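Below is one structure; the comments refer to it alone.
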Amino acid sequence: MPTAPDRRAVAVALLIPLVAILALWAFAWPAARIAPRDLPVGVAGAAPAAERMEERFEEREGAFEVHRFADEAAARAAIEDRTVYGAVVVGPRGPHLLTASAASPVVSQLLREAVTASAPEGAQVRVTDVVATPSGDPRGSVLGASMLPLALAGMAAGAVVTLVGLRGARAAATLVATAALAGIAVTVVAHSWLGALAGDWWTEAGALALTVLAIGSAVAGLAALLGPRGIGLGALLMVLLGNSFSGVTSAPELLPEPVGAIGQWLPPGAGGSLLRSVGFFDGGAAGGAVLTLSLWSALGLAAVLLARRKPAGTGPVEPRPADPAREPALAG
């Protein structure tokens, strides 16, 4: 009959391959299926030419969500507000593509290829990067690589607060303070040192702090409700699924459905979107991400503050077996 150590060895041998398969599915499957899915783009210009360009976009059914604009100024404003990722302005000199590499270098390249392929033969496609990535990070690599460290920082904050036994208001205050310091530290590196962000310094620090707080509060809140198992569930949601579904290295609209949408409802995805908004677009389209992160933070902190925990030493006391050596000798 197998012993307990044997059973544990078999469980570990089976569990690790399953975790590897889950991680591979979460990270590799979305990356292998990147393609535009209702990607918001704009078309502007005179009606007949603009309609033909719109039809070319719509030939790829389900790939693009086309917005019509009256002129180039309106298309630029929509890009700066993060309503669309780019726009094609059709004029006498041929198509003029407006992109925003700060929104997604991958999408900018995709639009260049799509518009060049659909332009009339011999036409020269002019390209203007309306909101470009900063010179310190021309490929957007720093922002793309930032979500995993932020997820790990928030995960560590929630787990450590739980494991060291902090409770109630003290735990909540520790999570808030840790998130604030993490936001400042990451902004020093990403903005001041690497030059990868171009927005208001303190607004970026606030966005980063809110992201770490949402992740840390969620992990600590799950642990307060479920015990140690909550830490494992938090790691699954925030690090494995949240990071791989965030779309921060490409765009949510390039990920398979419904992965892109799910990712934006998890703190890493919302945090990546918020950081792009405040780092490059003056806060354009930041409202949804702020709401998502605030809800995760509020619910997690509420669980930490309100979850009932049995104080140490309140359980039933088992009687200790008598020690014959210490029993007083009975008179004969």
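FYI, side chains are in, hydrogens and waters are out, and symmetry mates aren't considered; it's all heavy atoms of this structure. Keep in mind that what you see is a predicted model, and the values were worked out from it rather than measured.
Not one N or O on the side chain of Trp265 forms a donor-acceptor pair closer than 3.5 Å with the backbone of Ala270. Between the side chain of Asp137 and the backbone N or O of Val142, at least one donor-acceptor pair lies under 3.5 Å. Judged by distance alone, the side chain of Glu204 and the main-chain N or O of Leu197 form no donor-acceptor pair under 3.5 Å. Arg37 contributes no side-chain N or O that, together with a main-chain N or O of Glu253, makes up a donor-acceptor pair within less than 3.5 Å. For the pair Ser104 (side chain) and Ser250 (backbone), a donor-acceptor distance under 3.5 Å is present. Of the possible donor and acceptor atoms, none in the side chain of Ser217 sits under 3.5 Å from a partner among the backbone N and O of Gly300. Side-chain atoms of Asp129 come within 3.5 Å of backbone atoms of Ser101 as a donor-acceptor pair (strictly under, hydrogens ignored).
Between the CE atom of Met155 and the CG atom of Leu240 there is a distance of 11.5 Å, given to the nearest 0.5 Å. Note that the CG atom of Leu208 and the CD1 atom of Ile184 stand 10.5 Å from one another [nearest 0.5 Å]. With values rounded to the nearest 0.5 angstrom, Asn243 atom CG is found 9.5 Å from Leu150 atom CG. The line from CG of Leu166 to OG1 of Thr174 is 5.0 Å long, rounded to the nearest 0.5 Å. Atom CG of Asp200 and atom CG of Asp282 lie 9.0 Å apart (nearest 0.5 Å). Atoms CZ and CD, on Arg56 and Glu59 in that order, are 7.5 Å from each other to the nearest 0.5 Å.
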As a quick check of understanding, evaluate side chain to side chain contact (heavy atoms under 4.5 Å, CB included) for Arg112 and Leu97, giving each step before the final call. CA-CA 7 Å; Arg112 285 171 184 255; Leu97 174 62; 3.9 Å; yes
Residues Thr99, Thr128; criterion side chain to side chain contact (heavy atoms under 4.5 Å, CB included); working and verdict: CA-CA 6 Å; Thr99 65; Thr128 300; over 6 Å; no
Could you please spell out the steps behind the side chain to side chain contact (heavy atoms under 4.5 Å, CB included) verdict for Thr187 and Trp201? CA-CA 7 Å; Thr187 309; Trp201 200 97; 3.5 Å; yes
Could you go step by step and tell me if Thr211 and Leu293 meet the side chain to side chain contact (heavy atoms under 4.5 Å, CB included) rule? CA-CA 6 Å; Thr211 302; Leu293 293 171; 3.8 Å; yes
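Under the 4.5 Å side-chain heavy-atom criterion for grouping Ile, Leu, Val, Met, Phe, Trp and Tyr, Met238 is connected to Leu236 within one hydrophobic cluster. Taken together through direct or relayed side-chain contacts under 4.5 Å among Ile, Leu, Val, Met, Phe, Trp and Tyr, Val107 and Leu275 form parts of separate hydrophobic clusters. Residues Leu194 and Phe280 are members of separate hydrophobic clusters, defined by side-chain heavy-atom contacts under 4.5 angstrom among Ile, Leu, Val, Met, Phe, Trp and Tyr.
Under the 4.5 Å side-chain criterion, counting only non-hydrogen atoms from C-beta, Pro256 is in contact with Arg33. Ile215 is not listed as a side-chain neighbour of Trp296, based on a closest heavy-atom distance of 4.5 Å or more. Val248 places a side-chain heavy atom less than 4.5 Å from the side chain of Leu143. Residues Trp25 and Ser244 form no side-chain contact, since every pair of their non-hydrogen atoms from C-beta on lies 4.5 Å or further apart. Looking only at side-chain heavy atoms (C-beta outward), Leu98 and His96 come within less than 4.5 Å of each other. Side-chain contact check for Pro95 versus Val89: every heavy-atom pair is 4.5 Å or farther apart. Between Leu39 and Tyr85, the closest side-chain pair of non-hydrogen atoms falls below 4.5 Å. Residues Glu51 and Arg68 are in side-chain contact: their nearest non-hydrogen atoms beyond the backbone lie under 4.5 Å apart.
Here the closest heavy-atom approach between residue Leu210 and residue Val290 is recorded as CD2-O, 4.3 Å. Considering every non-hydrogen atom in both Gly242 and Leu266, the closest pair reads CA-CD1, 3.7 Å. Taking all atoms of both residues into account, the shortest heavy-atom contact from Thr249 to Gly144 is CG2-O, 3.5 Å. The two atoms that bring Val90 and Ala49 nearest to each other are CG1-CB, 3.2 Å, heavy atoms only. Closest of all the heavy-atom pairs between Thr83 and Pro40 is O-CB, 3.5 Å. The shortest non-hydrogen separation linking Val219 to Ala159 is CG1-N, 3.9 Å.
Arg82 and Ser277 form a side-chain donor-acceptor contact under 3.5 Å, judged by distance and modelled atom types alone.
Ion pair Arg76/Glu80 not flagged as a salt bridge, since none of the NZ, NE, NH1 or NH2 atoms sits closer than 4.0 Å to an Asp/Glu carboxylate oxygen.
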